[in-house]
Enquirer: 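Take a look at the following structure, please.
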Amino acid sequence: MDLNTIKSDGIGGAAGEPAMLPTTAKKVFIKTYGCQMNVYDSQRMGDALAADGYTATDAIGEADLVLLNTCHIREKAAEKVYSELGRIRDMKAERASTGREMVIGVAGCVAQAEGAEIIRRSPAVDLVIGPQTYHRLPSVLARVRGGEKIVETDYAIEDKFDHLPRPERAEIIKRGVTAFLTVQEGCDKFCTFCVVPYTRGSEVSRPAARIVAEAERLAEAGVREVTLLGQNVNAWHGQGPDGKEWGLGRLLSRLAEIPGLARLRYTTSHPRDMDDELIAAHRDLAALMPYLHLPVQSGSDRILKAMNRRHTAKDYLALLDRIRAARPDIALSGDFIVGFPGETEADFEATMDLVRQVNYASAFSFKYSPRPGTPGAEMADHVSEAVKDERLQRLQALLLKQQQDFGSSLVGGVIDTLIEKPGRQAGQKVGRSPWLQPVIVDEKAGEIGDIIKVRITKTGYNSLFAELA
Ligand code: SAH
Ligand code: SF4
Ligand code: F3S
């Protein structure tokens, strides 16, 4: 997953509302940064605000409430928020000059990590709310309207998802035939480069029955593909309705029984949490897509140790052998960090070697970004920006070549495609391959929600072109 390119400007909140809402209904604009979990959270905040009388807008200037759902993973991600806040401050002033209010809220991982500091740096901000307290949004907003500035970043003991309203059926339909479903939050792994254990707290799994009920509701509204989300999704565990302890593999088997749900995915996984049952699910479940995002970060054991990944390069490769034995056509994706403190040219070469051995269908790679409060930031031997740049270029060239080779290997073959939406060009529709590539087909090839067999005719930069097989 590309943690910084998934952006959704604005949410839907209007559907399912009474038709005769006064024209003075409050409007909300939500901008989402970071990972898929933020995308899911933004939707759930949208659901809560819709229940509180807000309608969604894509025009920030019209918004009574602007919410930025932020990401803290790398410095660039966090700094983006402050430049955006500068822009919004001016709009707030402009609205105020016409007698209208604009409440500015910062949610997400920057909110959790920086708290009141955000209001000190950007005094136009009225509200800072961390990821564990979104269900309190309506009551917090009432206090903001009373003139208070609020920082709400404690870890709530209650489960926010139990207290957020369920999405309306019409809203699910509007969001399309693919959906995210968060099953697990937080992380106990404490990789030394990473802020997630601090911004999202420790690992919590949602109960199996709630997840099944939510997936059934999605399927009933026409969703065909569900991606289970968690910062460490394969650490999910919980009691099943049979009273037994379930892991993610068992949960996936249960979800595969839901009528209408044709495709399942999960992300993001940690190599240490791939148990036998989950690997077997890749062999046994036709609905589980043959595509796995399994970050390794580095191919050097010395660096993996310094990162506190608690596995070696050999462990990772041996795990891939077991997964490929269960599901020979599985394609892999991964995340990499170059220039972690102490990384030598030999360490970096070990990463390049690992990439050559694995052969990734896609991957995301980043320059190490020291994050305040993490052990990595305090380590000696930071690598210079110039060296990081140069290594990133070499790694990305290799990964891009592998991605293109993977795409080319599909040309001439027949694959299943889930038709998702109209294409950008007239006469086309866009589908989704089992490996998440957009597939461009003739609009008459199928209806949205259909899964059809297509023959790949050629590849685009990041997409496939196909005809009905
Ligand atoms: N839970 C997931 C990753 C979450 S963060 C996992 O363990 O794989 C997503 C990716 O961002 C990471 O896999 C890592 O490659 C990258 N990342 C995290 N912290 C970073 C940092 N300080 N600098 C650069 N990249 C980072
Ligand atoms: Fe971050 Fe490591 Fe947890 Fe992933 S497993 S979220 S990289 S601490
Ligand atoms: Fe970013 Fe928080 Fe996700 S730091 S990657 S939005 S968990």
Side-chain angles (χ1 to χ4, degrees), residues 1-8 31-42 68-81 106-114 130-132 180 182 184-203 229-236 266-274 292-299 303-304 306-311 316 332-341 343 351 363-379 382-383 385 388 391-392 395-396 399:
M1 79 186 135
D2 186 348
L3 289 138
N4 273 314
T5 57
I6 300 159
K7 273 190 206 160
S8 53
K31 181 160 181 170
T32 308
Y33 301 85
C35 62
Q36 291 101 323
M37 306 208 41
N38 266 9
V39 174
Y40 179 80
D41 285 347
S42 288
L68 302 184
N69 192 7
T70 62
C71 174
H72 200 245
I73 201 83
R74 285 169 289 276
E75 191 182 353
K76 248 195 213 151
E79 282 307 313
K80 259 188 217 160
V81 175
V106 177
C109 291
V110 177
Q112 189 64 41
E114 300 191 358
Q132 304 313 329
F180 291 135
T182 294
Q184 180 280 336
E185 268 208 276
C187 183
D188 297 338
K189 292 276 190 292
F190 289 93
C191 301
T192 53
F193 51 81
C194 184
V195 292
V196 170
Y198 311 96
T199 61
R200 292 278 175 164
S202 54
E203 273 173 16
L229 300 181
Q231 265 90 22
N232 203 1
V233 71
N234 54 346
W236 181 89
Y266 61 94
T267 198
T268 298
S269 303
H270 192 286
R272 294 260 307 194
D273 292 321
M274 290 299 298
L292 177 62
H293 184 72
L294 195 61
V296 65
Q297 315 298 352
S298 168
I303 295 298
L304 286 168
M307 286 176 164
N308 191 32
R309 289 291 291 183
R310 290 181 287 167
H311 59 76
Y316 180 80
L332 288 155
S333 133
D335 291 343
F336 297 88
I337 295 177
V338 301
F340 187 76
E343 186 188 75
T351 300
F364 303 100
S365 45
F366 313 97
K367 289 190 282 180
Y368 172 67
S369 169
R371 307 306 290 129
T374 60
E378 308 297 318
M379 287 180 186
H382 277 265
V383 175
E385 273 314 291
K388 283 186 202 170
R391 287 181 188 163
L392 186 68
L395 177 61
Q396 289 190 335
L399 290 168

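Since we're looking at a predicted model, the values are computed, not measured. Counting starts at 1 for both ligands and their atoms, in listed order. Values below: every heavy atom of this structure, side chains too, minus hydrogens, waters and symmetry copies. In this chain, numbering begins with 1 at the start of the sequence shown.
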Enquirer: Any idea which atoms of ligand 1 are less than 4.0 Å away from a heavy-atom of Arg74?
Expert: 11 (O), 16 (C), 17 (N), 23 (N), 24 (C), 25 (N), 26 (C)
Enquirer: Within the structure, does Gln297 bring an N/O atom to less than 3.5 angstrom of an N/O atom in ligand 1?
Expert: yes
Enquirer: When you measure from the side chain of Gln231 to the backbone N and O of Gly186, does any donor-acceptor pair fall under 3.5 Å?
Expert: yes
Enquirer: Within ligand 1, which atoms have a heavy atom of Arg371 less than 4.0 Å away?
Expert: 22 (N)
Enquirer: Are any of the N/O atoms in Asp335 less than 3.5 Å from those in ligand 1?
Expert: yes
Enquirer: If the cut-off is 4.0 Å to any non-hydrogen atom of Lys367, which atoms of ligand 1 fall inside it?
Expert: 23 (N), 24 (C)
Enquirer: Confirm or rule out an N/O/S atom of Cys109, from backbone or side chain, lying less than 2.8 Å from atom 2 (Fe) of ligand 3.
Expert: yes
Enquirer: With distance as the sole test, does Arg272 use its side chain to make a donor-acceptor pair with the main-chain N or O of Arg310 at under 3.5 Å?
Expert: yes
Enquirer: Is it the side chain (CB and beyond), the backbone, both or neither of Met37 that lies under 4.0 Å from ligand 3, heavy atoms counted?
Expert: neither
Enquirer: Run the numbers for me: atoms of ligand 1, each under 4.0 Å from some heavy atom of Gln231, listed by number.
Expert: 1 (N), 2 (C)
Enquirer: Relative to ligand 1, is Ile337 under 4.0 angstrom through side chain, backbone, both or neither, heavy atoms considered?
Expert: side chain
Enquirer: Check each atom of ligand 1 against the heavy atoms of Thr268 and keep those under 4.0 Å away; list them by number with element.
Expert: 2 (C), 6 (C), 8 (O)
Enquirer: Which atoms of ligand 1 are found less than 4.0 Å from any heavy atom of Pro295?
Expert: 8 (O)
Enquirer: I'd like to know if the side chain of Ser369 pairs up with that of Glu75 as donor and acceptor (distance under 3.5 Å, no hydrogens or angles considered).
Expert: no
Enquirer: Hey, is the main chain of Leu294 close enough, under 3.5 Å, to the side chain of Tyr316 for a donor-acceptor pair?
Expert: yes
Enquirer: Polar-atom distance check: His270 versus ligand 1, any N or O pair below 3.5 Å?
Expert: no
Enquirer: Examine distances only and state if a side-chain atom of Glu203 and a backbone atom of Gln184 form a donor-acceptor pair shorter than 3.5 Å.
Expert: no
Enquirer: Indicate the atoms forming the closest heavy-atom contact of Pro131 with Cys109, along with that distance.
Expert: CG-N, 4.4 Å
Enquirer: So do Cys71 and Thr32 actually touch side chain to side chain, heavy atoms under 4.5 Å?
Expert: no
Enquirer: Atoms of ligand 3 less than 4.0 Å from Asn38 heavy atoms?
Expert: 6 (S)
Enquirer: For ligand 1, which is the ligand I care about here, please tell me if Asn232 has any N or O atom under 3.5 Å from one of the ligand's N or O atoms.
Expert: no
Enquirer: Could you pull out every protein residue that has a heavy atom closer than 4.0 Å to ligand 2, ordered by chain and then number?
Expert: Cys187, Lys189, Phe190, Cys191, Phe193, Cys194, Val196, Pro197, His270, Arg309
Enquirer: Are the side chain of Thr70 and the backbone N or O of Val110 linked by a donor-acceptor pair below 3.5 Å?
Expert: yes
Enquirer: Run the numbers for me: atoms of ligand 1, each under 4.0 Å from some heavy atom of Arg309, listed by number.
Expert: 7 (O)
Enquirer: Under 4.0 Å from any heavy atom of Gln231, which atoms of ligand 3 are there?
Expert: 7 (S)
Enquirer: Testing the basics here: between Leu292 and Ser269, what is the closest heavy-atom pair and its distance to 0.1 Å?
Expert: CD1-OG, 4.3 Å
Enquirer: Which part of Ser369 is near ligand 1, with near meaning a heavy atom under 4.0 Å away: side chain, backbone, both or neither?
Expert: both
Enquirer: Salt-bridge test for Glu385 and Lys367: reply yes if a basic N is under 4.0 Å from a carboxylate O, no otherwise.
Expert: yes
Enquirer: Could you tell me whether some N/O pair between Phe366 and ligand 1 is separated by less than 3.5 angstrom?
Expert: no
Enquirer: Report yes or no: does Ser365 contribute a side-chain atom to a donor-acceptor pair with the main-chain N or O of Leu392 at less than 3.5 Å?
Expert: no
Enquirer: Please check this pair: side chain of Asn232 against backbone of Cys187, looking for a donor-acceptor N/O pair closer than 3.5 Å.
Expert: no
Enquirer: Please find out if less than 6.0 Å separates the ring center of Tyr198 from that of Phe190.
Expert: yes
Enquirer: At a 4.0 Å threshold, what atoms of ligand 3 neighbour a non-hydrogen atom of Cys71?
Expert: 1 (Fe), 4 (S), 5 (S), 6 (S)
Enquirer: Could you tell me whether a side-chain N or O of Arg309 sits under 3.5 Å from a main-chain N or O of Pro271, the two making a donor and an acceptor?
Expert: no
Enquirer: With sequence neighbours excluded, what pairs up with Lys189 under the side chain to side chain donor-acceptor pair (under 3.5 Å) test?
Expert: Asp273
